[in-house]
Amino acid sequence: MTDRTDSSGSPLARTVAALQSRALTELAELVAFKSVADPAQFPKSECEAAANWVAGALRADGFQDVALLDTPDGTQSVYGFLPGPAGAPTVLLYAHYDVQPPLDETAWVSPPFELTERDGRWYGRGAADCKGGLIMHLTALRALKEHGGIPVNVKVIVEGSEEQGTGGLERYAEAHPELLAADAIVIGDTGNFRVGLPTVTATLRGMTLVRVQVDALEGNLHSGQFGGAAPDALAALIRILDSLRAEDGSTTVKGLPADATWEGLQYPEEEFRKDAKVLDGVGLIGNGTVADRIWARPAVTVLGIDCPPVIGATPSVHAGARALVSLRVPPGTDAAEATKLLAAHLESAAPWGARVAVEQIGQGQPFRADTGSPAYASMADAMREAYDGQEMQTSGMGGSIPLCNTLAGLYPEAEILLIGLSEPEAQIHAVNESVSPQELERLSLAEALFLQRYAAL
């Protein structure tokens with residue numbers, strides 16, 4: 001546990017610091033739920049239990065109209081409303097309780113669903129992405145209650161399927177547009193450029209997720225008897241996937257622009273290599289600056305391939321094979337159009353006339369914030385105070401939060417800010433995910449200060 005408090009020693013900062021022991025306890029309770037929104041991997045009851053925990057926490061903090069929202073993708077989001085002074089603006093605070101699967105649990109130094117304090121960080125799946133984001137919101141609100149009360153109307157929405165990209169909350173919000181209406185929206189699901197550097201995220205890449213199935217034979221064949229003439233579906237799939245990259249590793253989907261540049265905060269290559277844990281002697285892929293590659297250009301990733309494992313494999317020519325392919329698309333590119341281009345590319349790249357079927361699994365549009373809005377000025381002031389005089393930075397983010405575009409479309413006058421706990425050391429989506437308690441404390445203070453300043457506009 002850190003003893004850090006804001007250098008100003010303000011009463012609000014001291015209260016936020018005193019709330020950190022409660023934050024640790026509650027984050028441990030929340031991390032314990034194996035809330036992966038995929039019943040094929042973990043029981044649906046784990047997500048339901050997490051949703052009920054969130055609802056209980058909101059009720060305990062005085063929220064009204066707390067509800068478990070059954071969204072069209074079969075998951076639940078949690079909503080609550082906390083009224084502020086008459087005539088005050090309304091701020092929507094967002095987080096999600098669903099998490100990525102833990103991957104190889106044996107690679108975790110401590111159990112993935114058991115929050116563990118080690119080397120000044122708290123380890124556990126969802127600690128930073130994004131259960132810690134909910135704890136950040138609650139801590140900020142609790143601190144304000146002890147110092148004159150909460151100066152705005154607060155809505156909280158905690159999503160149950162953000163990591164799956166199945167769009168349940170987006171569809172629910174479209175069907176109930178009055179529910180999440182707000183003057184300002186704080187998305188607590190991004191992060192600082194690095195620990196100790198206050199950052200808001202200005203852009204998000206969108207994404208499309210497709211499953212590609214390749215078939216070439218009615219059934220597997222003996223590779224000695226038929227190999228050399230019979231078309232191999234796995235080999236065809238490998239060629240198709242390889243066609244998605246140029247020689248330098250750049251993404252090359254036919255018809256999809258891939259030469260945009262990033263103007264703003266840059267990401268030095270050596271820092272990126274360290275953050276990404278690139279092995280010595282292994283080069284980065286693509287061209288242009290690192291910021292160009294991860295914030296301004298499309299990026300394809302093969303997430304998985306269905307084929308026989310090495311252990312137990314037989315000498316066969318394969319009749320069929322399939323892969324899951326993700327394509328991140330930058331602001332300025334329509335995700336639906338990118339999906340069509342990706343599908344057409346995969347189909348046209350099939351060798352030997354192999355049959356290719358492409359199925360869309362998920363999709364989300366890219367996002368660009370209006371960083372010149374009054375809310376951003378309020379956040380800059382708040383972060384400056386919370387981070388001992390450091391100026392707020394503006395960066396991009398290669399990941400996707402599909403809900404952002406839905407909210408921007410529903411509430412075009414709302415100011416949307418993206419902050420959070422997912423700095424590089426957090427290793428979100430990887431093994432040994434963790435959160436910095438110092439960042440949790442500072443960002444909780446920053447959010448509390450922001451709400452005060454925003455209410456005074």
Exceeds 12 heavy-atom contacts within 6.0 angstrom, atom NZ of Lys155: yes
Evaluation steps, salt bridge (charged side-chain N to carboxylate O under 4.0 Å, His left out), between Glu447 and Arg142: CA-CA 11 Å; Glu447 184 165 275; Arg142 289 165 180 165; over 6 Å; no
Asp215 bridged to Arg355 by N-O distance under 4.0 Å: no
Salt-bridge criterion met for Glu423 and Arg121 (N-O under 4.0 Å): yes
Test item: side-chain donor near acceptor, Asp98 and Gln164, under 3.5 Å: no
Salt bridge present between Arg171 and Glu174 (N-O < 4.0 angstrom): yes
Distance-only polar pair, side chains of Asp275 and Tyr267, donor-acceptor under 3.5 Å: yes
Ring-ring centroid check Tyr79 Phe63, cutoff 6.0 Å: no
Asn192 versus Glu439, side-chain donor and acceptor atoms under 3.5 Å: yes
Trace of the side chain to side chain donor-acceptor pair (under 3.5 Å) decision for Ser110 with Arg118: CA-CA 9 Å; Ser110 50; Arg118 187 173 66 253; 3.0 Å; yes
Modelled atom types, side-chain donor and acceptor of Gln427 and Lys277, under 3.5 Å: yes
Presence of salt bridge, Arg194 and Glu425, under 4.0 angstrom: no
Arg297 side chain to Pro330 backbone, donor-acceptor under 3.5 Å: no
Test item: Ser326 and Arg328 side chains (from C-beta on) under 4.5 Å apart, heavy atoms: yes
Residue pair Ser161 / Asp73, side-chain donor-acceptor N/O under 3.5 Å: yes
Donor on one side chain, acceptor on other, Tyr94 and Glu159, under 3.5 Å: yes
Distance flag, aromatic centroids of Tyr376 and Phe450, threshold under 6.0 Å: no
Worked verdict on Glu163 versus His429 for side chain to side chain donor-acceptor pair (under 3.5 Å): CA-CA 9 Å; Glu163 298 292 4; His429 294 202; 3.2 Å; yes
Exercise: do Glu170 and Thr406 side chains pair donor with acceptor under 3.5 Å: no
